[in-house]
Amino acid sequence: MAQSNRAAARSGKRRVLTIHPVPSPRLVAVFILLSASLCGLGIRLAWLQLVEGGKLQARARSIQTTSIAPIGERRTIVDRNGSLVALDEERFILWAHPRYFNFPGDDPQSIRPAADVASKLATVLAQPKATLLQAIGNRKSGVKLASDLDPETAARVKALGISGLDLEAYPHRIYPQGPLFANVVGFLNLERVPQAGLEQSRNSDLKRHETTVRMLRGADGTPLPQGLAAGSLYGDDLKLQLTLDARLQQVAQQALVKQVKQWHAKRGAAMVMDVRNGEILALASTPTYDPNKFWKFKPGLFREWSVQDLYEPGSTFKPINLALALQEKAIDPNGKVTDNGSLSIGGWPIFNHDRRGNGVIDFPTVLQVSSNVGMVQAMKHVKRDRFWQWLRNFGIDASPDTDLPGAVAGELKKKTDFVGQPIESAVASFGQGFSLTPLKLLQLHAMLANGGRLVSPHITRGLRSGDSLATSAPSSGIPLLDVGVTQTVMRWMESVVEKGSGKGVKIPGYRIGGKTGTAQKAERGVYIAGARICSFVAHLPIDDPRYVVLVVVDEPQGGNAYGSTVAVPVAKQIIEALLVLQNIPPSVAVPTAAVGTAKRSG
């Protein structure tokens, strides 16, 4: 070694010795830790991306997406002219969260006492401050201070700018016409569940087609159009249009209420129908209720009795029976019958209402004096099995084809009883021994007026968009009687107004036909002593029939209660309004003296 070093020195070269230090244990540990971390991070990223990616994306979407659930809005209901009948109005619930109470301009970290907030709210809500404080109590959040707030009150609450107050909007059903259409439209209860009328029967049409909308929002809450179909945030503007006329309904209601009150009657109904297509322009009844405050009324008022209750029509059915007798060619239009005031059928006595005989009379006179005996004499020429079959053809015992909720079928004796017992067909000849609803009677008289077609009575025209409204549409109906037959009966009914018990409905210049009725009232097959149903049906104008008016008053009190005294005055007021509202021109020229008299008496 020494020799080699000396040799290297002599050669003038220096040999460099390289030293490789050994890493310390700490450095090795750090290196291993960092490497492991990077590997773990890579594995974690791969796991999140490949395995958990779908779940994480769904979670992010749930955070970024707002779900707008349906709030159960309903479509508006309007009358034939567009007047509001039922609509949804926005109302609000006021919630308080005392732990966040703060006034505008206050330190954001400060909390106002509940008494300060109650002082400001008391004026806006028109409630005592003490009542509000009692409601708040010691609770810190979720206090329901008020409900059913209208939009104006809610706007005043919002204008206060108080933090910790929250307004929750919800739809509220209101009926601007009050009781006027309650009998046919019905109402929603406090849980917005339909309980009666069209609200219940047309529930699927009245519910707006709402769907749950999922909408993406940005970090600042701005709605994003991604995945949102056009029109998703907007509901339809469809509304249900009725055939009813609010103006005519008002006239009918007022006239009916006045007469029912005057005669201390149990109830009454008035109906107007377009005989050409079955549209009902008015369907008023009393007593009724206010659908805006339904809880204050007895549930029995929630049903429309003229559509759901049966009664024996009495003399108002006589024109229909004469029409079927003419159709069967069982009687001659120019024929006559003998009325002695009474007769006996199978041991059963039958009398006229006044128990007086009228001698030999023609068929117009039978209707004018409302002769029961004359009707029995006329209808005996119709074979009993054919008589029964005609009543079936008229649909007496079938549910009518109508959109009126709750409409029921009438009752007719079994064919074997009707044919086998002569008394059954005898009493049926003057409208007793079977039952129907006032609605069915209205439909059958419309058949007489329109030339023998049985049209379907209805009160809706369907859904309409925006400001568009439907107009009257023709209806074919079911042909049952010949036109000549119905025209003959209509002339006979005109004589009732000109010369008989319907005189009270005469209006100068207009040709009107009609028939009064004062029928005994039966319950479970037994006639109630002293109980009557007074009615009157009118057709106008006779030369070109367009409308039928029916008035029925149940159990008026007093010995002078007849169709002519109880029902006719209501019908006249309705007809006078109908002529004006529908612009029906006079049928004949009105003498000057008659015009002056009409003006003075009006």
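Contacts of Ser501 classified as side chain to side chain donor-acceptor pair (under 3.5 Å), with partners at least two apart in sequence or in another chain: Thr516. Partners of Glu312 under the side chain to side chain donor-acceptor pair (under 3.5 Å) rule, at least two apart in sequence or in another chain, are Tyr527. With sequence neighbours excluded, no residue forms a ring pair (Phe, Tyr, Trp, His ring centres under 6.0 Å) with Tyr311. With sequence neighbours excluded, no residue satisfies salt bridge (Lys or Arg N to Asp or Glu O under 4.0 Å) with Asp417.
Listed by first and then second residue, the side-chain hydrogen bond (donor to acceptor under 3.5 Å, both in side chains) pairs that reach into residues 449-466 are Arg202-Thr460, Asp237-Ser465, Glu279-Arg461, Asp401-Ser456, Asp403-Thr460, Arg461-Ser472, sequence neighbours excluded.
Under the 4.5 Å side-chain criterion, counting only non-hydrogen atoms from C-beta, Val505 is not in contact with Tyr510. Looking only at side-chain heavy atoms (C-beta outward), Ile93 and Leu149 stay at 4.5 Å or farther from each other. Within the 4.5 Å cutoff, no side-chain heavy atoms of Val553 are placed close to those of Ile533. You'll find the side chain of Val537 stays beyond 4.5 Å of the side chain of Phe317, heavy atoms only. Proximity of Pro179 to Tyr289: side-chain heavy atoms (C-beta onward) are nowhere separated by under 4.5 Å. For the pair Glu168 and Leu94, the minimum side-chain heavy-atom distance is 4.5 Å or more. Contact check for Glu411 versus Leu310: side-chain heavy atoms found under the 4.5 Å cut-off. Side-chain atoms of Gln308 and Thr437, non-hydrogen and from C-beta on, never get closer than 4.5 Å to each other.
Between Phe434 and Phe418, the gap from one ring centroid to the other reaches at least 6.0 Å. Proximity of the aromatic rings of Phe92 and Tyr170 is defined here by a centroid distance below 6.0 angstrom, and this criterion is not met.
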For Leu404 and Leu198, what are the C-alpha separation, side-chain angles and deciding distance, and is it a side chain to side chain contact (heavy atoms under 4.5 Å, CB included)? CA-CA 8 Å; Leu404 279 158; Leu198 291 174; over 6 Å; no
Test side chain to side chain contact (heavy atoms under 4.5 Å, CB included) on Leu463 and Arg75 and set out the steps. CA-CA 9 Å; Leu463 296 174; Arg75 294 185 173 112; 4.1 Å; yes
List the steps, then state whether salt bridge (charged side-chain N to carboxylate O under 4.0 Å, His left out) holds for Asp397 with Lys440. CA-CA 10 Å; Asp397 59 347; Lys440 184 63 184 182; over 6 Å; no
Side chain to side chain contact (heavy atoms under 4.5 Å, CB included) between Leu540 and Arg511, intermediate numbers included: CA-CA 7 Å; Leu540 69 144; Arg511 296 179 61 189; over 6 Å; no
Kindly indicate, with the supporting measurements, whether the criterion salt bridge (charged side-chain N to carboxylate O under 4.0 Å, His left out) is fulfilled by Asp554 and Arg532. CA-CA 7 Å; Asp554 188 9; Arg532 302 174 175 179; over 6 Å; no
Carefully, step by step, assess Val184 and Leu244 under the rule side chain to side chain contact (heavy atoms under 4.5 Å, CB included). CA-CA 10 Å; Val184 291; Leu244 299 173; 3.7 Å; yes
As a quick check of understanding, evaluate salt bridge (charged side-chain N to carboxylate O under 4.0 Å, His left out) for Arg80 and Asp274, giving each step before the final call. CA-CA 13 Å; Arg80 66 189 293 119; Asp274 188 327; 5.6 Å; no
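The main-chain N or O of Leu283 is found under 3.5 Å from a side-chain atom of Asn183 such that the two form a donor-acceptor pair. Between the side chain of Arg139 and the main chain of Ala135, a donor-acceptor pair closer than 3.5 Å is present. Of the possible polar contacts, one joining the Thr316 side chain to the Pro313 backbone as a donor-acceptor pair under 3.5 Å is found. No side-chain donor-acceptor contact under 3.5 Å links Glu555 to the backbone of Gly530. At distances below 3.5 Å, at least one donor-acceptor pair connects side-chain atoms of Asp79 with backbone N or O atoms of Ser83. The closest donor-acceptor contact from the side chain of His97 to the backbone of Gly142 lies under 3.5 Å. With hydrogens and angles disregarded, no donor-acceptor distance shorter than 3.5 Å links the side chain of Gln432 to the backbone of Phe430.
At a cut-off of 3.5 Å, with distance as the only test, a side-chain donor of Asp543 or Ser587 sits close to an acceptor on the other residue.
In this structure, Trp263 and Asn560 approach most closely via the heavy-atom pair CH2-O, 3.6 Å. Annotation for Val496 and Lys515: closest pair CG1-CA, 4.3 Å, computed over non-hydrogen atoms. When all heavy atoms of Gly314 and Ala519 are compared, the pair lying nearest together is CA-CB, 3.9 Å. Summarising the geometry of Gln443 relative to Pro457, their closest heavy-atom pair is NE2-CD, 3.6 Å, with the distance given to 0.1 Å. Of all non-hydrogen atoms in Ala407 and Thr402, the two that sit nearest each other are CB-CG2, 3.5 Å. Scanning all heavy atoms of the two residues, the minimum distance from Ser306 to Pro438 falls at O-CD, 3.2 Å.
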Side-chain donor-acceptor pairs under 3.5 Å in residues 572-583, sequence neighbours left out?
{"unit_1": "Gln582", "atom_1": "OE1", "unit_2": "Tyr547", "atom_2": "OH", "d": "3.1"}

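The number of heavy atoms from other shown groups lying within 6.0 Å of CG (Leu160) is above 12.
Residue Glu89 holds its CD atom at 7.0 Å from CG of Asp150, rounded to the nearest 0.5 Å. Atom CE of residue Met271 and atom CG of residue Leu281 lie 11.5 Å apart, to the nearest 0.5 angstrom. To the nearest 0.5 Å, atom CG of residue Asn393 and atom CG of residue Leu324 are 9.5 Å apart. Annotation: the span from Trp388 atom CH2 to Glu424 atom CD amounts to 13.0 Å, rounded to 0.5 Å. Here the CG-CZ distance, from Leu188 to Arg74, works out to 4.5 Å after rounding to the nearest 0.5 Å. Of the inter-residue distances, the one linking Lys258 atom NZ with Leu256 atom CG reads 12.5 Å to the nearest 0.5 angstrom.
Ion pairing of Lys207 with Glu73 is absent here, as no side-chain N (NZ or NE/NH1/NH2) approaches a carboxylate O to less than 4.0 Å.
Taking the six-membered ring for Trp and thresholds of 30 and 60 degrees, Phe294 and Phe187 have nearly parallel ring planes, at less than 30 degrees apart.
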